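Structure record follows, encoded as structure tokens.
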2 protein chains.
Amino acid sequence: MENKKKSTIKDIAAALGLTPSAVSKALNNHPRISEKTKLAVKEMAVELDYQPNFLSSALRKGKSNLVGVIIPRVNSHFFSSVVENIEKMLNLNGYNIIMTQSNELYAKECQEIDTLLKIQVDGIIASMANETTNLEFYEKIKSRGTELVLFDRGEEELNVDYVGIDDYKSSHLVVDHLVSQNCKRIAHIAGFHHIRIYKERIHGYKDALEKWNLDIQDNWIIESNLRIEDGRQIMQQLLDAPERPDAVYVAGDIAALGALQVLLENNIKVPEEIALVGFSDEPFTSLTQPSISTINQHSDQIGKLAAEAFLNRMSHPKKKTVNRIILEPELIVRQSSKRI
Amino acid sequence: MENKKKSTIKDIAAALGLTPSAVSKALNNHPRISEKTKLAVKEMAVELDYQPNFLSSALRKGKSNLVGVIIPRVNSHFFSSVVENIEKMLNLNGYNIIMTQSNELYAKECQEIDTLLKIQVDGIIASMANETTNLEFYEKIKSRGTELVLFDRGEEELNVDYVGIDDYKSSHLVVDHLVSQNCKRIAHIAGFHHIRIYKERIHGYKDALEKWNLDIQDNWIIESNLRIEDGRQIMQQLLDAPERPDAVYVAGDIAALGALQVLLENNIKVPEEIALVGFSDEPFTSLTQPSISTINQHSDQIGKLAAEAFLNRMSHPKKKTVNRIILEPELIVRQSSKRI
DNA sequence: TATTTTTGTTCCATCGTTTGAACAAATATA
DNA sequence: TATATTTGTTCAAACGATGGAACAAAAATA
């Protein structure tokens, strides 16, 4: 069963009375090899169950055709959908992907970067962990000459290709909608402002409130990791405060779910007493009772575009100009914010 | 910035007036190299920012120190926790892991196996997709001489190391508990019986019913993919039937969540009218209202043990005996089934 | 027919690391 | 002191695939 040691290009050569290099050229469709030999080589390759040795060819060619993808968490529809679409696009172009997750931890992220660089991937497509403020490891990717594309969570200083949505505008969509539903006291369960996307959401939220002449209360902007517990705890905190908001805009769906749980546990009518809007269009948002309004981030598009950005880099290695693609956010109104 | 081309063992050798092989041996702590040179080499390695070339060393050694992990879905706490623990254990032993997901699709699974074999991982640790009935690709792994360890979803015919829980016994725990809560009409939202673990859960469920002299109704055993929609749809089906069950045992937590939603939407009191038990102890089961009783599968242990099984194989390559580790399931009783 | 061009293949060096064998120098044993 | 052993290093051949240069044979052109 395990007796047949893998066959190499040499075995094919020997079987046909050719040289290894002729076989290699035949397999790679070199123009100077006759159709006859090409055919014979390919047939023999099948017969001997030949599998090209990835390691040797990558070593020789200096190219692995592997792309590393780093995402914060894998159990999020947004991220796993982006990865799926990256994979689809890259597979079509002869690349395989290696998916890794940072679990939102800086240390883990650094370790994953090191592993990927060690395996000598041709490029890395990443979305940064919540914890990450030190960009040193991302600089390392660039300095190693490995292509780098960021999506969603990316910092401008890195000066690399980026795909994401307009977070600032998303907040305007949310606030405008809530105002249209007669909400006047809108709180924001935010992500940490050291991350660009969350900073922009906060910024957009404030500007939109100002636009509608609504008060900006600092204790109504609470930053967190946006985990389910964070949503629960912060919602409780908002309920316990002297003045309650009549709407809560949560910068992440999972935290929004936690917030919804607390609202229901406190017998607060959603959306009548407090309206709720999340962010990311995670599948469960349409399944909760009431269903949660949210922002569609176009995960499928983001994945496809990020992969294309990488492929572009590979085919134009000297190109220096950086490409930032910003998609339009889309508000999905569901029960949790539909008052009228 | 990208000017410094990566330095090799040759550069270190040149800088110190040594041969590449001496440097290689020094870096690998060969006993015949003097402490003095070892030190000098290691210092120079740091100075030149030397990174060993994974491809060449893997090629030469015929060993990549990479392990592929294939799981059905990544957005499940059970699987991601198993992976986390596999990774922790393997990292300690000088291995890196490559995580892939099959999305429960046979075709995807085959593709992932091919990719992993191509990259020449030293081993694969996997849990099979729901769809998988053809074991051909798993045979391929074995025939390539790559180590294979299965966990949770694994078939005995493959005759490889396995780590899982006692699924048959799990059903007994669930049924015994429901009976103790005065449930008499227990339905089972099952997984497909072509998958061993689900077959055993069904088997255990039937035997346990029999043990308590309860009727086994065939239309109360409904097999599915156990997605959230499946849970919803089957629960509705059970409610629409002439005779309603007074308890539902669901073979997966996500489907149990779907079932719970439908129960609540129909204003059925849980657990008073219908009790509910899930499977896997996904984190959300403790967050729902009411919280869901479930089975703890010991994901942390499974990951650790699977990794150890692999490491064992690597250190005793000739060993032929197959190791099957079966852990004890643990019932976690929460509100959804606590009637008394 | 002599010369150039094209075609199909072989030759050989290379990617970077590893490893057994060989060898000289230093040290230990007789 | 002669011989055996140990120590530290170099040599050379891999691992498997690749691709430019070289070369002979066939075909095309003069």
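Keep in mind that what you see is a predicted model, and the values were worked out from it rather than measured. Basis for what follows: all heavy atoms, side chains included, without hydrogens, waters or symmetry-related copies. In what follows, chains carry the letters A, B, and so on, assigned in the order in which the sequence lines appear, proteins first and then strands, with residues in each chain numbered from 1.
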Requested in this report: Output the single nucleotide from dC15(D), dT19(C), dC15(C) whose closest atom is nearest the side chain of S24(B).
Outcome: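 Nearest listed nucleotide: dT19(C).
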
**Report entry** Closest nucleotide among dT18(C), dG19(D), dA17(D) to the K61(A) side chain
**Finding:**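 Of dT18(C), dG19(D), dA17(D), dG19(D) is nearest to the side chain of K61(A).
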
In whole Å, I'd like the distance from the [atom1] atom of [X] to the [atom2] atom of [N].
| X | N | atom1 | atom2 | value |
| --- | --- | --- | --- | --- |
| F54(B) | dT18(C) | CZ | P | 12 Å |
| R60(B) | dA17(D) | CZ | C1' | 16 Å |
| D11(B) | dG16(C) | CG | C1' | 11 Å |
| L55(A) | dA17(D) | CG | P | 10 Å |
| K10(B) | dT17(C) | NZ | P | 9 Å |
| L59(B) | dC15(D) | CG | P | 9 Å |
| K63(A) | dA17(D) | NZ | C1' | 15 Å |
| L27(B) | dG16(C) | CG | P | 16 Å |

Query raised in the report: Hey, what bend do you get for the helix from dT1(C)-dA30(D) to dA30(C)-dT1(D) if you fit axes on five pairs at each end, rounded to 10°?
Result: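 The angle, to the nearest 10 degrees, is 50°.
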
Query raised in the report: Going through the checks in order, is the side chain to side chain donor-acceptor pair (under 3.5 Å) test met by Y162(B) and R153(B)?
Result: CA-CA 9 Å; Y162(B) 171 87; R153(B) 308 224 202 116; over 6 Å; no

With the side chain counted from C-beta on, respond yes when [X] and [Y] share a heavy-atom pair under 4.5 Å apart, and no when they do not.
| X | Y | answer |
| --- | --- | --- |
| K63(B) | M314(B) | yes |
| L90(A) | N96(A) | no |
| E109(A) | E104(A) | no |

**Report entry** Cationic N near anionic O, under 4.0 Å, E87(A) to K108(B)
**Finding:**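 Salt bridge present between E87(A) and K108(B).
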
Query raised in the report: Base, backbone or nothing for each nucleotide of nucleotides 5-10 of chain C, written B, S, -, heavy atoms under 4.0 angstrom, 5' to 3'?
Result: --BBBB

**Report entry** Sole residue of R324(A), K142(A), R313(A) in salt bridge (Lys or Arg N to Asp or Glu O under 4.0 Å) with D161(A)
**Finding:**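 Only match with D161(A) under salt bridge (Lys or Arg N to Asp or Glu O under 4.0 Å): R313(A).
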
**Report entry** Short side-chain N/O contact from N53(B) to OP1 or OP2 of dC15(C), under 4.0 Å
**Finding:** no

Report task. For the pair N28(A) (side chain) and K25(A) (backbone), establish whether a donor and an acceptor sit closer than 3.5 Å, ignoring hydrogens and angles. Result ->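 No: the side chain of N28(A) does not pair with the backbone of K25(A).
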
Query raised in the report: Under 4.0 angstrom, heavy atoms only, what part of the nucleic acid is Y50(B) near: base, sugar-phosphate, or nothing?
Result: sugar-phosphate

Requested in this report: For the pair T37(B) and S34(B), evaluate side chain to side chain donor-acceptor pair (under 3.5 Å) and give the outcome as yes or no after the intermediate values.
Outcome: CA-CA 6 Å; T37(B) 17; S34(B) 69; 2.5 Å; yes

Report task. In sequence, state the C-alpha distance, the side-chain angles, and the governing distance for Q111(B) and N91(A), and then conclude on side chain to side chain donor-acceptor pair (under 3.5 Å). Result -> CA-CA 10 Å; Q111(B) 190 204 313; N91(A) 279 175; 2.9 Å; yes

